[in-house]
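Down below is the structure, laid out as structure tokens.
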Protein chains: 2
Amino acid sequence: MTKIDDVARLAGVSTATVSRALRGLPTVSAATRRRVLAAAEQLQYAVSPSASRLAGGRTGTVAVVVPRITRWFFGVVVEAAEDFFHRAGYDLLLHNLGGREQNRQRVLHAAHLHKRVDAIMLVATPLRASDVAALAALDLPGVTVSSGTTVPGWPCVRIDDVAAARIATRHLLDLGHRRIAHISGDPDDELAYSAHLDRRRGHQEELRAAGLHPDPSLDVESSFDIAGGTRATEELLRRGDPPTAIFAACDEMAMGALTALRDAGLRVPQDVSVIGIDDHALSGVLGLSTVAQPAVEQGRLGAQLLLDPLCGRSTDALVKPDGSVILDTRLVVRDSTAPVRAH
Amino acid sequence: MTKIDDVARLAGVSTATVSRALRGLPTVSAATRRRVLAAAEQLQYAVSPSASRLAGGRTGTVAVVVPRITRWFFGVVVEAAEDFFHRAGYDLLLHNLGGREQNRQRVLHAAHLHKRVDAIMLVATPLRASDVAALAALDLPGVTVSSGTTVPGWPCVRIDDVAAARIATRHLLDLGHRRIAHISGDPDDELAYSAHLDRRRGHQEELRAAGLHPDPSLDVESSFDIAGGTRATEELLRRGDPPTAIFAACDEMAMGALTALRDAGLRVPQDVSVIGIDDHALSGVLGLSTVAQPAVEQGRLGAQLLLDPLCGRSTDALVKPDGSVILDTRLVVRDSTAPVRAH
DNA sequence: CTGAAAGCGCTTACAG
DNA sequence: CTGAAAGCGCTTACAG
């Protein structure tokens with residue numbers, strides 16, 4: 001393999017000059033730079049990343065941690081972030097926790113990320129105090145996306161989950177529903193997407209604002225995915241007297257609810273209305289009403305908040321004084337919600 | 001930051017011994033190893049990846065290239081592979097092409113992957129002769145998953161796309177359908193998931209085996225996703241006299257077809273039957289009939305075929321003599337296919 | 001604008 | 001089983 005000395009020899013300069021010319025540093029004359037580039041081209045020279053990292057300290061790589069890449073929101077966020085990172089010349093090290101607490105611990109263990117990446121993006125990753133301390137000790141720039149826990153000094157981009165849930169519940173209330181069930185994630189799951197706690201809170205706040213009292217028998221927890229939505233809805237129906245509407249904490253759970261309702265012989269929206277949060281790529285196909293959140297924007301903006309400072313650009317104009325960016329959500333009414341029927 | 005010399009000093013041994021002990025090489029006495037591990041633990045020592053890579057030549061990282069991480073199949077494959085890689089102690093560098101030919105060229109350019117990874121997994125990535133040559137020049141182990149093009153010396157894992165398509169078309173024929181449309185990916189798209197060419201072939205073979213002649217007016221190409229399925233179906237309906245059944249080259253296109261048919265006022269399966277290939281996570285929710293392919297297994301097996309040789313394990317028992325593994329598909333009949341109605 | 005030299009922090013023959 | 005020393009291939013003050 002050809003190395004920097006070969007290029008230096010062919011171009012008739014020192015390796016220091018080759019290094020500077022290839023990286024586009026300003027302190028190289030135009031003529032010299034041309035000679036170096038030509039020599040590098042001719043020899044098909046490619047810098048050794050390990051050597052460059054060891055000598056220079058920069059890795060040109062960022063770590064992205066997501067709970068499950070197969071869930072709609074996380075896939076979209078990673079795709080948007082990946083695009084931004086690669087355009088900026090950074091590689092992406094993917095850590096998919098896959099629902100295993102053990103994976104979270106391994107990834108967040110300071111030793112693992114140390115000297116391996118220049119920056120970290122944490123997507124919906126729950127953090128304990130010890131994790132936050134470990135991340136702070138790494139002394140690397142980072143950003144959290146769609147996360148309940150924030151890391152001091154890191155910007156965060158997300159939606160207002162409480163507000164999004166209130167919009168969903170308000171929509172059902174406006175349609176005349178009073179027996180509104182809520183299905184959401186399991187709070188005991190350490191890897192749970194923490195947003196669902198805020199969403200439950202918003203739901204209950206909106207009920208109370210309407211003079212209703214949250215009914216524990218209409219609140220079921222399960223896993224935060226399609227299968228969880230099915231199980232939660234089955235449990236709901238088992239408890240007797242079904243609700244007239246179900247607010248699912250995410251579209252995937254809402255889709256599971258659609259399946260369970262269909263299997264139970266209940267029609268949507270004639271017998272039961274269903275709404276979720278997300279605006280999943282398939283929600284339109286299913287006619288699912290939802291509160292849309294901007295996933296691409298969260299991934300892209302998260303990446304930008306991470307890289308801009310590394311390139312010396314300020315992000316002050318993008319974030320609030322506390323470092324956060326709260327993106328808007330909006331109600332999307334389709335065919336799964338309808339006025340409650342008179343009894 | 002603490003480095004190997006610090007550990008060596010505290011343990012009272014040379015850095016060479018620390019290096020050996022920490023990597024678990026057999027040529028270290030039990031007592032010495034214990035002292036080294038204790039010292040490393042006490043100093044919170046973590047090896048510098050760049051230094052280790054530069055000196056040792058191994059990166060402990062593998063590159064995974066996928067067309068679009070947001071599509072069901074690719075997300076599942078990456079998740080399964082990621083799990084396998086991390087268990088084996090390897091990091092995953094993700095390259096999501098995102099539908100851009102330019103990205104494919106950047107990633108496959110020899111210089112980019114050179115010295116950055118120990119192995120490469122290409123998922124459904126179309127390759128030109130020059131790409132294959134560039135990959136061969138890298139002289140790295142690799143594997144292709146679900147790819148039409150193979151790289152000499154690399155194993156490949158996939159399904160038999162021709163056979164899968166024949167199963168789907170056979171199912172429709174068995175239900176009495178004769179006007180069967182096919183919607184699939186765009187062959188002009190350089191980044192296209194090449195499987196759709198084989199699927200079209202299988203479809204046409206099965207039609208001919210039944211004494212039918214493939215009708216070009218019932219064959220529409222579009223993008224290989226939900227929106228593409230919708231557009232292709234709209235085009236199909238615009239051509240007049242609709243088919244009694246549609247075979248979509250993948251479930252996501254089938255889902256787009258369901259939307260277009262609904263919007264056109266056609267009922268599934270009463271007016272039109274629809275079948276896809278995949279068994280997407282949401283196909284059950286939608287009641288979509290399909291030919292299931294094992295995505296998790298393809299990701300896991302691909303990862304294993306890549307890493308086993310790096311660990312000195314033979315994979316001869318897993319693959320056929322030509323290095324390929326062809327996994328089974330199976331028909332899953334749900335509610336989107338029904339016998340053709342008498343006219 | 002350019003070069004000589006030190007140094008980044010490991011691993012690997014080689015010798016014992 | 002262990003150590004001294006060379007070397008992996010760059011980048012970065014420092015000096016000019």
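A note on names: the letters A, B, ... follow the listed sequences, proteins ahead of strands, and every chain is numbered from 1.
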Side-chain donor or acceptor of B/Gln304 paired with backbone N/O of B/Arg300 under 3.5 Å: no

Non-hydrogen atoms of B/Val28 and B/Ala21 that approach each other most closely: CG2-N, 3.9 Å

Any donor-acceptor N/O pair, A/Arg53 side chain to A/Thr59 backbone, under 3.5 Å: yes

Earlier contact from the 5' end, DNA chain C, for A/Arg33 and B/Ser48: A/Arg33

Test item: B/Arg104 side-chain N/O and B/Pro126 main-chain N/O as donor-acceptor pair under 3.5 Å: yes

Pairing annotation in dot-bracket form, given for DNA chain C with Watson-Crick or G-U pairs under 3.5 Å and | for cross-strand partners: |||.||||||||.|||

B/Asp139 CG: over 12 foreign heavy atoms closer than 6.0 Å: no

Leading and trailing nucleotides of DNA chain D with any atom under 4.0 Å from heavy atoms of chain B: D/dC1 to D/dG9

Reference residue B/Val65; test side-chain contact (heavy atoms from CB on, under 4.5 Å); the match among B/Leu94, B/Asn96, B/Leu122: B/Leu122

Contact residues, residues 12-25 of chain B to DNA chain D [heavy atom, < 4.0 Å]: B/Val13, B/Ser14, B/Ala16, B/Thr17, B/Arg20

Listed partners of A/Glu79 passing salt bridge (Lys or Arg N to Asp or Glu O under 4.0 Å), at least two apart: B/Arg68

Of B/Gly56 and B/Thr32, the one whose closest DNA chain D nucleotide lies more 5': B/Thr32

Pairs satisfying salt bridge (charged side-chain N to carboxylate O under 4.0 Å, His left out), at least one member in residues 304-317 of chain B, at least two apart: B/Asp308-B/Arg313

side-chain hydrogen bond (donor to acceptor under 3.5 Å, both in side chains) between A/Arg106 and A/Gln102, intermediate numbers included: CA-CA 6 Å; A/Arg106 173 176 49 71; A/Gln102 175 193 351; over 6 Å; no

Given A/Leu37, A/Val13, A/Val18, the one that forms side-chain contact (heavy atoms from CB on, under 4.5 Å) with A/Thr32: A/Val13

Salt bridge (Lys or Arg N to Asp or Glu O under 4.0 Å) partners of B/Arg34, counting only residues at least two apart: none

Sugar-phosphate only, base, or nothing, as touched by A/Ser50 at under 4.0 Å among non-hydrogen atoms: nothing

Sugar-phosphate only, base, or nothing, as touched by B/Pro26 at under 4.0 Å among non-hydrogen atoms: sugar-phosphate

Sugar-phosphate, base or nothing in reach of B/Thr27, heavy atoms under 4.0 Å: base

